[in-house]
Structures are given as C-alpha cells and as structure tokens.
Amino acid sequence: MSITLSNICKAYGERRVLRGVTLDIPQGVTCLMGPSGCGKTTLLRMIAGIGPATSGHVLMDGKDITDLDPAKRDIAMVFQNYAIYPTMTVKENIEFGLKNRKIPKEEREKLIKEYAAVVGLTDYLDRKPGTLSGGQRQRIALARAMVKKPKVFLMDEPLSNLDAKLRVAMRTELIEMHNRLKTTFIYVTHDQTEAMAMADQIVLMDKGRIMQEASPEVIYRDPNNAFTAQFIGTPPMNILPMGEDKLGFRPERVQLGTQRLEGAPFARKGHILTREMLGSETTYKIQMGDEAIMVKSPDDSFQYDQDVVLSVRADDLYFFDKDGQRIRRGDVSNYDQYIQRAGGNNNA
C-alpha cells in the first residue's frame, strides 16, 4: 500500500506549517524526522484524515482520499500517550474497536488471541493497564491497531514515553512486527537512532519543507545540504567556514594522532578540551584554532589537555555553498580546487 502526497500545504491563519510537500511513501517503514514544529505530525494527521490540508491531495494506491472520512481510510494510528482505557482490561481495550465495527464475537476472539500473541500480551489479557509496565501498555495500543488489519500504520513517537532500555527493546519488536505484517508504517520520531535503525526511507523536514528523502545509508553518507549533514549523525557533522563556502567532515572520519596522516589533504593541530570514554568509542571535543570540533574515535589513548593532530582524507571531506547546498564532484568543473582549499590553512 503506497501513499502519495501531492503539493500539500497547511496554514493556520498567516502561519504556514507545510509548504507544498510532495512525497511518495512506498510499502515499508518511512520515518518522518525534523526539529519541533517542522510539520511532521501535521503531515501524519493529514494522512489519517484528522487534520485536513489547506490545499493539495492525499492518495492511497493512486486513489484520492483527500476528503475521505478517517474511518474509511483503512489506516490505524498509534500515539505516544497510548490513548488506552484504564477502566478496561487488556482484552477489552483490544476488542473495543472491533465491537464498534460490529465484528462477530467468534472472529473477535480469534483476532484478539492472534495479535495478543504477536505483541506478547497473551498472559495479561485479564489485567488492567494500570498494573502493567509502560512497554506493556504500549503493546496494548499496538495490538488494538493491529487487530483492525489496516493497510497503513501511522505512529506518532510511540516510544517516546519509555525509558532508554525499553525503547531499544520495543524498537526491535516493531521491526520484527513490520517484517511479519509486510505493510506500510509511517513513523514520526525525534530520535535519529530510531529512524536509522527502523526506516527503509527517512524523510527529513524543516520549516514545512522536505530537506531530503532517502534511505538511512544515503541520508548519512550523501547529504544534500548542511542541514541534513548536521541533523543526522551523533555527534553531528563538523562544518567549518571556507571563504564563502563551507567544509564538512564527520567526527568518526577524523584520524587522531601526534603527526599528520600521510596523504590527507586536511591536517590541523588541536588541543583536547573534553574526553568521554563510551566503551567501544571515545568522543573528544577539540579546540582547533578558532573552532571547537567533535571527534569520535575507537582509540581511547588520548587524554584531556593533550595536543593532537587531526587529519581527514579527501574522500571524507564534504563541501557546501554559502546557502548550505551540497557541492559534489561532477557539480563543478574545479572540484579538486575545493580539496586544495580545504588544506589551505594546514598547520600540521
């Protein structure tokens, strides 16, 4: 089941929340990401039919559903606050929507049994939500959505209220669930780890516009602009001024040492300001001239207050114009001059 958004605009008076969004969402997991207020939840509500667009069209498998009643869209939505009924048992919560749709009791029992097993709630069907953990309550919301057998799942930060350990476990469960259901998940999240781990496609938004849509691998390795480059990645990409243009490199692609890496066009002296040992990697904040940059390295041998040399290979350098748009080899005839300019202030 695919969803197509065609030139979607949304305004509240003078405030424009979505600005001509056009997007194809294929079957699979699509994560909508971006800073608060970028329009991702507004977009999700439009697909659900609970927040009509000011203009534009929403299509499901080519059929225009822009004005279709939400109940007829074959879509299920899971919110971050679960929206489950505390006075009902787990079974009654899952069954609620089925009763409203006049599903016969025998079929209801079969569906409840099937999907309670999928989300691991078989032993809790007679319990009230208040006696369960946050993760178990989230599973109730998922099971209640799943029993409808919708063609599209819309999820608005469904794991944000869980603690860190439980989020990781539930993320894995959602991936397994999608692999079983083989349907369309559209998932809003602030958490880039969640998006990178789960998504077939990431749609990164800012100020009501799509900044880039691509697979996690592409959006990380080949960002279209400085916004994407710095939004995806932990720590974010280091971006430095280079005349009118900008130079970027990821913290994990910096080679730290006591002398310059042979053949690296970018090499600067630096001084370690902070050191965070995180197990398999260590993050350093390093003063490099007027700039403080981040480096993430498997080498934990460098210490606070130590002088070091930072080197970056040519293939790990990114270039952006004054407006933050990516400059790639092939975009310009003199790309090698950008590499030479990157090394113009070397002091190592």
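Worth knowing before you read on, the calculation uses all heavy atoms, side chains too, and leaves out hydrogens, waters and symmetry mates.
Both V147 and V90 are assigned to one and the same hydrophobic cluster, defined by single-linkage of ILVMFWY side chains at heavy-atom distances under 4.5 Å. Side-chain heavy atoms closer than 4.5 Å link hydrophobic residues (I, L, V, M, F, W, Y) into clusters, and following such links, possibly through other members, connects I8 to V203. Hydrophobic clustering (side-chain heavy atoms under 4.5 Å, transitive across Ile, Leu, Val, Met, Phe, Trp, Tyr) keeps F96 apart from F153. Put simply, L121 and L166 are part of the same group of oily side chains (I, L, V, M, F, W, Y) that touch within less than 4.5 Å, one to the next. Cluster membership for F227 and M237, using ILVMFWY side-chain heavy atoms within less than 4.5 angstrom, is not shared.
With hydrogens and angles disregarded, a donor-acceptor distance shorter than 3.5 Å links the side chain of Q192 to the backbone of G233. Using modelled atom types, one side-chain atom of T184 and one backbone atom of M1 make a donor-acceptor pair closer than 3.5 Å. No donor-acceptor distance shorter than 3.5 angstrom exists from the side chain of D307 to the backbone of H271, with no hydrogens or angles considered. Not a single donor-acceptor pair under 3.5 Å links the side chain of E291 to the backbone N or O of M288. Formation of a donor-acceptor pair under 3.5 Å by the N346 side chain with backbone atoms of A267 is found in this model. Panel note: side chain R108, backbone E95; no donor-acceptor pair is recorded below 3.5 Å. Between the side chain of T54 and the backbone N or O of A11, at least one donor-acceptor pair lies under 3.5 Å. With D200 contributing its side chain and V29 its backbone, the two residues share a donor-acceptor pair below 3.5 Å. Counting only distance, with no hydrogens or angles, the side chain of K296 and the backbone of T234 share a donor-acceptor pair below 3.5 Å. With hydrogens and angles disregarded, no donor-acceptor distance shorter than 3.5 Å links the side chain of E14 to the backbone of R16.
For D305, the CG atom counts as densely surrounded, since its 6.0 Å shell holds more than 12 non-hydrogen atoms of other residues, nucleotides or ligands. Annotation for R313: atom CZ does not count as buried by contact number, only 12 or fewer foreign heavy atoms lying within 6.0 Å.
The shortest side-chain heavy-atom distance between Q306 and R275 does not fall under the 4.5 Å cut-off. At a threshold of 4.5 Å between non-hydrogen side-chain atoms, the residues V21 and R209 do not count as touching. The side-chain heavy atoms of Y187 and L174, taken from C-beta on, include a pair separated by under 4.5 Å. Inter-residue side-chain proximity for Y85 and N93 is flagged as met; some heavy-atom pair is nearer than 4.5 Å. Using a 4.5 Å heavy-atom cutoff, the side chains of F266 and L247 are in contact. Within the 4.5 Å cutoff, side-chain heavy atoms of I293 are placed close to those of L310. Two residues are said to be in side-chain contact when any heavy atoms from C-beta on lie closer than 4.5 Å; I50 and M77 meet this criterion. Contact annotation: the side chain of L44 never approaches that of K40 to less than 4.5 Å [non-hydrogen atoms, C-beta and beyond].
Here the OH-CD1 distance, from Y115 to I94, works out to 12.0 Å after rounding to the nearest 0.5 Å. Rounded to the nearest 0.5 Å, atoms NZ (K148) and CG (L98) are 9.0 Å apart. Distance CE/M60 to OG1/T66: 11.0 Å, rounded to 0.5 Å. Between the CG atom in L181 and the CD atom in Q27 there is a gap of 10.5 Å [rounded to 0.5 Å]. Atom CG of L43 sits about 7.0 Å away from atom CG of L23, to the nearest 0.5 Å.
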Notebook entry, point to check: Is there a side chain to side chain contact (heavy atoms under 4.5 Å, CB included) between E213 and T30 once you walk through the steps?
Noted result: CA-CA 10 Å; E213 54 182 287; T30 293; over 6 Å; no

Next item on the list: Go through the steps for E281 and E252 under the test side chain to side chain contact (heavy atoms under 4.5 Å, CB included), then give the verdict.
Entry: CA-CA 9 Å; E281 59 196 21; E252 54 271 33; over 6 Å; no

Note to self: Is there a side chain to side chain contact (heavy atoms under 4.5 Å, CB included) between N238 and M294? Walk through the geometry before answering.
What the structure shows: CA-CA 7 Å; N238 297 298; M294 300 302 294; 4.1 Å; yes

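Residues M205 and P35 share a closest heavy-atom pair of O-CD, 3.4 Å. Residues P150 and D74 share a closest heavy-atom pair of CA-OD1, 3.4 Å.
The closest side-chain donor-acceptor pair between E276 and T283, if any, does not fall under 3.5 angstrom. One side chain, S36 or H190, offers a donor N or O that lies under 3.5 Å from an acceptor on the other. No side-chain donor from either of N7 and T22 sits under 3.5 Å from a side-chain acceptor of the other. A donor-acceptor contact closer than 3.5 angstrom is absent between the side chains of D299 and S297.
Partner of N224 under the side chain to side chain donor-acceptor pair (under 3.5 Å) criterion, chosen from R328, R326, Q325: R328.
A cation-pi arrangement, defined by a distance under 6.0 Å to the six-membered ring centre and an angle within 45 degrees of its axis, is present between K10 and Y12.
With salt bridges taken as basic N to acidic carboxylate O contacts below 4.0 Å, none links R171 and D191. Contact check on R329 versus D336 returns a salt bridge, with a Lys/Arg side-chain nitrogen under 4.0 Å from an Asp/Glu carboxylate oxygen. Under the 4.0 Å criterion applied to side-chain N and carboxylate O atoms, E109 and K91 are assigned as salt-bridge partners.
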